[in-house]
Visitor: 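Have a look at this one before I ask anything.
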Amino acid sequence: MRRVMALLSAAALVVLPGCWSRREPKNMAIVSSILYDLNDDKTFALTTELMHPGPSAGGDQSGELPAIIVTSNGNTIAETLRNAEQTIERYLFAAHVEARFLSEKFAGSDQAFSCISDFIMRDHIATMRPIMMVIRGDEPEKIYEAELEYSTNFGSYFMEMVKTQPLATSKSVFVTHFEFVRDFYTEGKEPVLGCVEIVEDPAPSPQSAQGEGQEKEQKKTKIIFEGLAAFKQGVLAGFMNGNEARAYNILTNQFSSTYYSAASNIHGTVVQITGAKTKIKTDVSGELPVIDIAVHLTMTLVQESHGVDINDPAMISAIEQEVSEDLAAEIRGAVQKAQQEFGSDIFGFGAVIHRQHPHAWRQMREGWADLFPTADVRLTVESCLERLGEVEEPFIREGS
Amino acid sequence: MLNVLTIVTRWARFVHAGIKNAGRQPLRRPIHRSRGKIFTKLVILKIVPEVIVIFRLLKRIFKKIRPERDGEKSETPPRDVPSNIAECEKAMKETFGDSADVVLLQIETVREKAMLVFIDGLVNKDLIQRDIINPLKDHSFDGNVTIALRTQFKEIPDLNAVAPEIVNGNAALFYEGSRKAFVSDLKGWAKRGVETPLAESVIRGPKEGFTEDLRTNSALIRRKIRNPKLIFESLTLGRQTQTHLEIVYVEGIVNRDVLEELRRRLSSIDIDAILESGFIEHYIEDNIYSPIPGIGMTQKPDIAAARILDGRVAVLCDGTPHALTIPELFVENLQTSEDIYNRLIFANFTRLLRILGLFIAVMLPGLAVAFITFNQEMLPTVFLIKLISSTEGTPLSSAIEAFLLILMFELLKEAGTRLPMAVGSAITIVGSLIIGEAAVGAGIVSAPMVIIIALTAVCSFIIPNLNEFIIISRLFFLLLGSTLGLIGIGAGIALLISYLVSTKSFGIPILASFSAQDIRDSIFRVPYKYKKFRPTAIAKDNVRRQP
């Protein structure tokens, strides 16, 4: 008897806490990205992009089909999602979302942050892993009409883009939902999001007829990942352009690589900045907080067509000097924009003070939003040209 | 019995009174409760305990019905060998009936008559002619048989004791007036030579295998362990077959407790036929319902010798090339003789590979179904997309697909093992190529599931000894994975581990070899130089292998 009871209770222990929601993958619609928008009457508008894996039965690899775009409206996020499900014969499965896009209108409203974050954090399937981005402009839904180059759906396009963009230009930021929420709760740091611009393709390349004469639909818009959206108290405060976003990346030690040519000689000297290390020191003894930023850049020479002798150490230090000064101006501009225009401490100087002077921070904490624009930011940039490339002489025709 | 009767009568009386009283006042006391409540209380308080009591009684009764052992084993009284040859012949014919293979050879000598009895096919006729018949037929024969016979013999005065000797392949000589039988060992019968066993093939290491002949097998072991302390303990089992068994161990190394327990269990066997060591295996196993083999089995003398030197006991059975080794620890299934013969790093690699193979063979289908139908968020997106695109349009759910494919694989395997080699390859082609390819092509099963089951099948061939265990636990995990997801798999692992930990073979826990001391030769194989001790789980005395 005791044995039977033990077996029964063991079986109950095994069975009862289980997750009983069995779903066959073939009945699932995988959401790859969601666009949150706000209608004029303040209701939510959701554009959901569903991946559409083509059937591969029969052995032919027909591959993925273009994604399915579903638009729905509703008073709350949950209701809007349910409305979207009304027209789809599969479950919406949101665990594999790659990107959450916010329209400028949505990011600018004070509901934005609290609504989606709360809903997503409570949900057991949706995660904080996707990257959140703000779409500039009035027609955010056009992002799904843009040219996707190699990819067939936006989700996989975005997935690859996230990997390659930081290495290519460093002019964009990619912030996950989790990082956004973390920055939001961090004292002395305001969150930023990446931003996307949809531009008209200036010269749409003539699409050659594909394979069996199926002409791909001509798309006239392109997506550009550049700049960032600064937030203040969870509400969009303004945008920064690509160069300022690069400064942001350098200041927050998220920089990976960029090509850079000093402003004065556009056609001559180009360097690749391969690394940047930023150290911030703060001083709170004075009336206003002093923030000392020291940036150290490492560079590689990628082009030098002026014909100067780059074996001369003086020339190298001249190049270094020029790049340092230019970048310092750029960074200073970005900091000023954050101080003057946004009044939002996106670089996290407050958090540095918090770390370095915890006692002083206790007095500053409340008034930091007012104190930050007045903070005295001092910047020193030094750079080091580490490699000169594979050749020593410039490529110049004889006699020219 | 009486107890049951009283219960039944009391119960009947109670029910009867209830029916009689229906609609009238209640029988015993005024009850103001509803009938439903009374009924529930009745069921709980009366019926349940009584049902339990009845079950216990039935159990006790059935235990008693079990048949007593009949006294067939009782000794027959000795009977003197008659002095007259004619009477001897009559007695022999009485014993053997008119069996065609029994030869009663009348021999006329210069003195008295003699008769030779043996079984055709079990003796070496050339030797009989040379050593028994020729001397007796000789002119110089003076009537003294003991001197004339040119072979070893024993004199048996009991006629009833002669027949078993003859059956064993000895030749019995009766001589007029001697009143005893001269039994000489001139065995010689057709037997298979020492060959390489098909099942446990190795690339490196001895290739010889046991044969069906017990004496050959014992010699094979003796040649590996040339130690006078190597003991072959003989016993005969099977009322009809009179099969010879030998318990093999090295005195001083063997685990005494295991040996005693084995002797006790063997002595309790009373069966009429033992044709293969599998018969005894079922009798002496700890738990015949367990999917894990409790007794090791090998066809190779080097493996048997190695296990005997670990402190184990081996049982050889006449008529089968399969030797049993006791106790069997779980890790033995993961070891091969080549682990020791091969170079260290590669041997460790293959052993880890085998452990991995065990995990895949047991858990992969269950784990895969759990991931596919419950925890899709844990799959990489690209993988999930591929999965969806290949399951699109298939009619069955993933769990059913997995069950069907496993079933199909087992059917193919069963068909393949019973067939001769030439036809076996046809099965493989039909099974793998036609059925597999066509089923995927027609969209009846999805390709990923075929891949998963195929991988599982490959892995289950890595550890052939554990085949039964692997199949059963694979189905168990598949069931859990397809109903409860990853939580089910977790619960299954917990249950499986607790089951394995609590399982014993001859009093030794089968997972004992994963202890800190014995891990040197379970998960890893350390260089032989550093393997200073025999497995501490088994060997109790003389534990040290080398200084």
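Note: hydrogens, waters and symmetry copies are ignored here, and every other heavy atom, side chains too, is used. Residue numbers start from 1 in every chain, and the chains themselves are labelled A, B, ... in the order their sequence lines are given, proteins ahead of strands.
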Visitor: Given side chains that start at C-beta, do those of Leu387(B) and Lys26(A) come closer than 4.5 Å, heavy atoms only?
Guide: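 SC-SC contact between Leu387(B) and Lys26(A) ruled out.
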
Visitor: As an exercise: rank Glu377(B), Met378(B), Gln376(B) by heavy-atom pairs under 4.5 Å with chain A and give me the winner.
Guide: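 When all of Glu377(B), Met378(B), Gln376(B) are compared, Gln376(B) has the most.
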
Visitor: If you count heavy-atom pairs within less than 4.5 Å of chain A, which of Thr373(B), Thr394(B), Ile52(B) leads?
Guide: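 Most pairs with chain A among the choices: Thr373(B).
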
Visitor: Can you confirm whether more than 12 heavy atoms, excluding those of Phe178(A), are under 6.0 Å from its CZ atom?
Guide: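 Open: at most 12 neighbouring heavy atoms sit under 6.0 Å from CZ of Phe178(A).
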
Visitor: In terms of heavy-atom proximity below 4.5 Å to chain B, should Met28(A) be classed as side chain, backbone, both, or neither?
Guide: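 Its backbone and side chain both get close to chain B.
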
Visitor: Any chance you could lay out the side chain to side chain donor-acceptor pair (under 3.5 Å) test for Ser398(B) and Glu24(A), step after step, and finish with the verdict?
Guide: CA-CA 7 Å; Ser398(B) 309; Glu24(A) 285 296 327; 2.8 Å; yes

Visitor: Near Phe383(B) CZ, under 6.0 Å, is it more than 12 heavy atoms from other residues, nucleotides or ligands?
Guide: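 For Phe383(B), atom CZ is not crowded (no more than 12 foreign heavy atoms under 6.0 Å).
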
Visitor: Counting neighbours of CZ on Phe359(B) that are heavy atoms of other residues, nucleotides or ligands and sit closer than 6.0 Å, is the number greater than 12?
Guide: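 Result for CZ/Phe359(B): open.
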
Visitor: Side-chain contact test, heavy atoms from C-beta onward, threshold under 4.5 Å: evaluate it for His96(A) versus Leu384(B) and give yes or no.
Guide: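 A side-chain contact under 4.5 Å exists here.
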
Visitor: Hey, is CD on Glu410(B) packed in by over 12 heavy atoms from elsewhere, all under 6.0 Å?
Guide: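 Correct, the count exceeds 12.
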
Visitor: Under a 4.5 Å heavy-atom cut-off, does chain A meet the side chain of Ile444(B), its backbone, both or neither?
Guide: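 Neither part.
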
Visitor: Counting only heavy atoms not in Arg182(A), do more than 12 fall under 6.0 Å of its CZ?
Guide: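 Enclosed.
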
